[in-house]
Amino acid sequence: MIMKANKLKKFRKEIGLTQAQVAKKAKISTRGYQNYETGERVPNAYTAQLIAQALQTKVEKLFPLSQRSSSDTNLSKE
């Protein structure tokens with residue numbers, strides 16, 4: 001599912017990070033992050049939380065509830 005607005009890229013650029021830097025902070029691969037940023041893939045709840053932390057924002061701002069599956073609504077998963 002492709003996001004309506006590319007919020008990941010917007011937040012990333014606002015704080016001056018590269019895709020590789022966000023990926024490193026979120027402890028995911030750069031290619032994986034790129035897939036989320038382009039909308040090719042939607043992260044699970046845990047990964048979405050890691051990305052939000054790396055981008056210094058809340059997961060709800062990056063990934064609206066309508067983009068998450070019902071099994072991913074619990075963001076405290078580990």
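These values consider heavy atoms only, across backbone and side chains, with no hydrogens, waters or symmetry-generated copies.
Taking every heavy atom of both residues into account, Thr38 and Asn35 meet most closely at OG1-O, 3.3 Å. Nearest approach of Lys9 to Tyr33, heavy atoms of both residues: N-OH, 4.5 Å. Between Ser29 and Gly32, the shortest heavy-atom contact is OG-N, 2.9 Å. In this structure, Leu17 and Gln21 approach most closely via the heavy-atom pair CA-OE1, 3.2 Å.
A distance of 4.0 Å separates CD1 of Ile51 from CD1 of Ile28, quoted to the nearest 0.5 Å. Note that CD of Glu37 and CG of Leu62 are 10.5 Å apart. Values are rounded to the nearest 0.5 Å. Atom CG in Leu55 sits 13.0 Å away from atom NZ in Lys7 (nearest 0.5 Å).
Counting heavy atoms from C-beta on, the side chains of Phe63 and Leu8 come closer than 4.5 Å.
By the side-chain contact (heavy atoms from CB on, under 4.5 Å) test, Ala54 pairs with Val22, Lys25, Ala26, sequence neighbours left out. Shown here are the side-chain contact (heavy atoms from CB on, under 4.5 Å) partners of Thr30, two or more places apart in sequence or in another chain: Ala20, Ala23, Gln34. Under the rule for a side-chain contact (heavy atoms from CB on, under 4.5 Å), Lys24 has no partner lying at least two apart in sequence or in another chain. Taking Lys13 as the reference, nothing meets the salt bridge (Lys or Arg N to Asp or Glu O under 4.0 Å) condition, with sequence neighbours excluded.
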